[in-house]
Protein chains: 2
Amino acid sequence: MIVSTQRDTALTRNQSLVLEALADAKGPLTAYAILDQLRDRGMRAPPQVYRALDKLVADGMVHRLESINAFVVCQLPDCGSRETMIFAICSDCSQVTEIRDGGVGDRFQAVAEQAAFSVHKSIVELRGRCAHCRAS
Amino acid sequence: MIVSTQRDTALTRNQSLVLEALADAKGPLTAYAILDQLRDRGMRAPPQVYRALDKLVADGMVHRLESINAFVVCQLPDCGSRETMIFAICSDCSQVTEIRDGGVGDRFQAVAEQAAFSVHKSIVELRGRCAHCRAS
DNA sequence: AGGGACATTATGTTATAACATAACTTGTGA
DNA sequence: TCACAAGTTATGTTATAACATAATGTCCCT
Ligand SMILES: [Zn+2]
Ligand SMILES: [Zn+2]
Ligand SMILES: [Zn+2]
Ligand SMILES: [Zn+2]
């Protein structure tokens with residue numbers, strides 16, 4: 001039921017539907033899972049979902065998890081910035097914790113500089129087990 | 001803690017072919033690109049390539065790049081360990097530089113601990129431009 | 001103001017490309 | 001004959017190309 005976006009133009013219907021699906025989900029969803037979930041609200045084909053996701057990701061309201069081909073709603077404020085985020089993805093329950101850590105980004109810049117590489121975007125995904133799954 | 005790899009066992013024919021293809025390539029290759037390249041040497045279907053890749057990745061001789069669904073031959077010694085590697089992937093020419101940096105892994109452990117998350121594997125992929133592409 | 005002409009943006013639809021694995025069969029050597 | 005590598009077929013999963021239509025905005029002319 002989250003609708004408010006500080007950053008940009010108002011969301012279109014499809015964008016709102018996709019964002020709502022992700023916000024209501026307990027964890028990340030694949031594009032096709034979103035599609036299945038929204039079929040009875042008019043979503044019919046992959047491009048509709050992917051186009052909505054493109055916009056939401058560009059605005060920092062949703063993040064793509066590269067290692068599991070899935071999408072998760074942003075958990076932190078001000079993710080439109082280009083700052084490095086760390087995603088801790090539980091291999092058991094697939095729940096995601098989003099962590100902001102400025103130091104990591106600085107470190108990447110430093111090591112990349114040694115390799116004469118200019119960093120535009122950093123992808124950091126930690127695979128492991130969350131506290132809940134370790135306890136059970 | 002189990003750290004044994006099958007590195008000392010000889011590679012099978014398909015494994016050798018796939019490793020050779022990746023070693024000869026000037027950048028990462030997708031599984032299907034490898035398949036196409038090896039058709040005239042007997043490779044016929046995706047499972048053959050993926051099974052070879054599974055073994056080479058498990059042994060640390062090849063790395064999977066999650067953000068581009070491609071594979072690259074290891075550029076550093078002793079990658080069978082669980083140490084964190086950083087992959088700098090040029091968005092222009094797709095060439096990859098593999099960087100070892102122990103500090104980053106320690107940092108991940110620290111921030112994950114704050115979130116009660118136990119890290120098993122770290123994925124770090126930097127997207128940007130290599131020196132050569134920036135110059136041209 | 002009102003109404004076309006045009007551009008722009010969002011959406012819908014079909015088809016297919018690209019990536020990955022399940023399931024089964026066959027060969028091969030200890 | 002048992003295990004395992006390899007081969008084969010089919011299918012599942014993720015993502016985009018290509019084209020068509022609808023909705024919206026913007027301009028100019030009357
Ligand atoms: Zn975020
Ligand atoms: Zn968990
Ligand atoms: Zn390596
Ligand atoms: Zn380059």
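The chains referred to below are lettered A, B, ... by the order of the sequence lines, with proteins before strands, and numbering in each begins at 1.
Along DNA chain D, the nucleotide closest to B:Met43 and the one closest to A:Arg51 are compared, and the more 5′ of them pairs with B:Met43.
If you take CD of A:Glu66 and P of C:dC19, they are 14 Å apart, rounded to a whole angstrom. Between the CZ atom of A:Arg39 and the C1' atom of C:dG12 there is a distance of 13 Å, given to the nearest Å. With rounding to whole Å, B:Leu11 atom CG is found 10 Å from D:dA6 atom P. A:Leu29 places its CG atom 15 Å from the C1' atom of D:dT14, with the value rounded to the nearest Å. Taking atom CG of residue B:Asp54 and atom P of nucleotide C:dA22, one finds them 10 Å apart after rounding to whole Å. In this entry the distance linking CZ of A:Arg44 with P of C:dT14 reads 8 Å, nearest Å. What separates CD of A:Gln48 from C1' of D:dT21 is a distance of 13 Å, to the nearest Å. Separating the CD atom of B:Gln15 from the C1' atom of D:dA5 is a distance of 9 Å, rounded to the nearest angstrom.
A distance of 6.0 Å separates CD1 in B:Ile99 from OG1 in B:Thr97, rounded to the nearest 0.5 Å. Once rounded to the nearest 0.5 Å, the distance linking OG of A:Ser67 with CZ of A:Phe87 reads 10.5 Å.
Here A:Arg13 lies in heavy-atom contact (under 4.0 Å) with sugar-phosphate atoms only.
The side chain of A:Thr30 places no N or O atom within less than 4.0 Å of a non-bridging phosphate oxygen (OP1 or OP2) of D:dT13. OP1 or OP2 of C:dG12 has at least one side-chain nitrogen or oxygen of A:Asn14 nearer than 4.0 Å. The phosphate of C:dC19 has neither OP1 nor OP2 within less than 4.0 Å of any side-chain N or O from A:Asn69. Neither OP1 nor OP2 of C:dT9 sits under 4.0 Å from any side-chain N or O of A:Thr12. Contact between the side-chain N/O atoms of B:Arg64 and the OP1/OP2 oxygens of C:dA20 is found at a separation under 4.0 Å.
For the pair B:Ile89/B:Leu126, no side-chain contact is recorded, criterion being any heavy-atom separation below 4.5 Å from C-beta on.
Put simply, the side chain of B:Tyr32 and the base of C:dA17 share no donor and acceptor less than 3.5 Å apart.
Here the nucleotide nearest the side chain of B:Pro47, chosen from D:dG7, D:dT9, D:dA17, is D:dT9.
A salt bridge does not link A:Arg64 with A:Glu125: every distance from a Lys NZ or Arg NE/NH1/NH2 to an Asp or Glu carboxylate oxygen is 4.0 Å or more.
Checked against the 6.0 Å centroid criterion, the rings of B:His63 and B:Phe71 do not qualify as a close aromatic pair.
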